[in-house]
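Report on the structure given below.
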Number of protein chains: 2
Amino acid sequence: MIILSKLADYGVIIATHLAENPDRQVTAVALAAETRLPQATVAKVLKALSHGGVVIAARGASGGYKLARRAQAISVAEVVSAIDGAIGVTECTVHTPSCERTDFCPTRPHWQRINRAVGAALQSVTLADMVMPAFSFPHASETAAERIAP
Amino acid sequence: MIILSKLADYGVIIATHLAENPDRQVTAVALAAETRLPQATVAKVLKALSHGGVVIAARGASGGYKLARRAQAISVAEVVSAIDGAIGVTECTVHTPSCERTDFCPTRPHWQRINRAVGAALQSVTLADMVMPAFSFPHASETAAERIAP
DNA sequence: CTCAATTCGGACCGGGTTAGTACCGATTAG
DNA sequence: CTAATCGGTACTAACCCGGTCCGAATTGAG
């Protein structure tokens, strides 16, 4: 299973690309060309990012997008939730628990615990981190580490 | 956005229910009744769990399901990946990186790092934990689960 | 020993969400 | 004024989820 939606994935790619050249105003079509992603989709993602306050849009001729803040101040979690909404592990963790099980179901606290872990993971990585090549994570068994269970 | 699919969520509910009465052989319809989940879906989930080695199925009259191992030995990650397949944050983290970006894209190691964190969170919770009401879970493992993998 | 009842196992199908596209209006620089 | 660019909405296509159906295996009765 894939956790992030494709759009959210694109969002991070695009935001990261913006983080590489800060202060530069880039148009949607240019971003699409530079990231090799479909133009229309890039435009759509940028709209969402703008809406979420991750990027700032300049309209009109010679308009374009750039990051709303410094790259270090923007976490991956922010980018993702700008596109896909709040992050939650299960149904109960995101909206109000209207399910009848809520009261007597003992699993909820555990879900919330897992949820916090995921959120922390996404929040701890900023766009500035994403740009840096990350030698600092030495791992021999890359594929094994990537899979949760065989 | 919701991370777990509904089926995976059901899977955990069902597996947890099985963990509550170990050694008891329960049929799919009984499980559906006891968990208040739709019968057909429960059956489907159980098939996947059986395939993934989480539960053991007995066919024929007086057949049914039971956990393949003790509840402490089965992690939530196992249940989830039995249903939804390997867990990965993005496309690249699960299948072979066929995208052209793979080689030059610096974000991959960071994704893997996030991925490991999520995996650790899911693996750190067993079915036995899920059954226990969570007032008393050890803080040590909690912080460990929440910390991002180095 | 045979048959029927019961249960799991695998293939198939429809509905709904998501990805992706296209259009038109709004805004701004030159 | 014109060209370029973002913003919003509507639309189509694809995929995945959830559910249903029928066949395979096993048990227990006659």
Side-chain angles (χ1 to χ4, degrees), chain A residues 1-14 18 24-68 80 82-85 90-91 94, chain B residues 1-14 18 24-33 35-68 80 82-88 90-91 94-95 99:
Chain A
M1 76 165 310
I2 313 284
I3 292 184
L4 258 56
S5 71
K6 256 187 187 175
L7 286 185
D9 191 359
Y10 292 168
V12 178
I13 292 178
I14 292 169
L18 280 175
R24 180 178 150 223
Q25 192 100 328
V26 196
T27 70
V29 298
L31 267 170
E34 290 167 26
T35 55
R36 315 288 166 83
L37 295 176
Q39 207 177 94
T41 306
V42 169
K44 187 179 193 174
V45 168
L46 281 168
K47 287 171 200 171
L49 290 181
S50 162
H51 220 68
V54 174
V55 303
I56 289 193
R59 295 169 75 162
S62 80
Y65 293 93
K66 64 178 183 180
L67 288 185
V80 169
I83 294 174
D84 278 354
T90 80
E91 205 80 33
V94 338
Chain B
M1 74 165 312
I2 313 283
I3 291 186
L4 258 57
S5 72
K6 255 187 186 173
L7 285 186
D9 192 0
Y10 291 166
V12 178
I13 293 177
I14 292 169
L18 280 175
R24 181 178 149 226
Q25 192 98 332
V26 197
T27 70
V29 298
L31 267 170
T35 55
R36 316 288 166 84
L37 294 177
Q39 207 177 91
T41 306
V42 170
K44 187 176 194 174
V45 168
L46 281 168
K47 288 171 202 171
L49 290 181
S50 161
H51 221 71
V54 174
V55 303
I56 291 194
R59 294 167 75 159
S62 81
Y65 293 94
K66 64 177 183 182
L67 288 184
V80 169
I83 294 174
D84 277 354
I87 299 172
T90 80
E91 204 81 34
V94 337
H95 19 83
C99 70

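Side chains are part of it too, since the values below use all heavy atoms of this structure and drop only hydrogens, waters and symmetry mates. Labels below follow one simple rule: chain letters A, B, ... track the order of the sequence lines, proteins then strands, and each chain is numbered from 1. These numbers come from a predicted model, not from an experiment.
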Interatomic distance where [atom1] belongs to [X] and [atom2] belongs to [N] [whole Å]:
X       : N      : atom1 : atom2 : answer
A:Ile3  : D:dC16 : CD1   : P     : 16 Å
B:Asp9  : D:dC16 : CG    : P     : 20 Å
A:Ile83 : C:dG20 : CD1   : C1'   : 14 Å
A:Leu37 : C:dA19 : CG    : C1'   : 13 Å
A:Leu46 : D:dG7  : CG    : C1'   : 12 Å
B:Leu7  : D:dT20 : CG    : P     : 13 Å
B:Lys47 : D:dG23 : NZ    : C1'   : 11 Å
B:Gln39 : D:dT20 : CD    : P     : 9 Å

* Asked: Can you find a side chain N or O atom of A:Ser50 that sits less than 4.0 Å from OP1 or OP2 on D:dG7?
  ->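 Affirmative; the distance criterion is met.
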* To do: Verify the contact: side-chain N or O of B:Thr27 to OP1 or OP2 of C:dC8, cut-off strictly under 4.0 Å; return yes or no.
  => no
Heavy-atom pair of closest approach, residues [X] and [Y]:
X       : Y       : value
A:Lys66 : A:Arg24 : CB-O, 3.7 Å
A:Ala58 : A:Gln25 : CB-NE2, 2.8 Å
B:Gly11 : B:Ile83 : CA-CD1, 3.5 Å
A:Val42 : A:Ala28 : CG1-O, 3.8 Å

* Asked: Start at the 5' end of DNA chain D and walk down; is the nucleotide closest to B:Tyr10 or to B:Arg59 reached first?
  ->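 In this pair, the answer is B:Tyr10.
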* **Residue closer to the 5' end of DNA chain D, B:Gly60 versus B:Val42 (nearest nucleotide)** =>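 First, find each residue's nearest nucleotide; the 5'-ward one identifies B:Val42.
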* **Side-chain donor/acceptor contact of B:Lys6 with base of D:dG18 under 3.5 Å** => no
* Give one of base, sugar-phosphate or nothing for B:Ala58, where a contact means two heavy atoms less than 4.0 Å apart. =>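 Counting heavy atoms under 4.0 Å across all strands, the contact made by B:Ala58 is with sugar-phosphate only.
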* **Closest-nucleotide ordering on DNA chain C, the 5'-leading residue of B:Gly63 and A:Thr41** => B:Gly63
* Structure fact -> Between B:Lys44 and B:Tyr65, whichever has its closest DNA chain C nucleotide further toward 5' is B:Tyr65
* Asked: Nearest to the side chain of A:Ala57 - D:dC6, C:dG9, D:dC17?
  ->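 Out of D:dC6, C:dG9, D:dC17, the nucleotide with an atom closest to A:Ala57's side chain is D:dC6.
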* What distance do B:Leu4 atom CG and B:Asp84 atom CG have between them, rounded to the nearest 0.5 Å? -> 7.0 Å
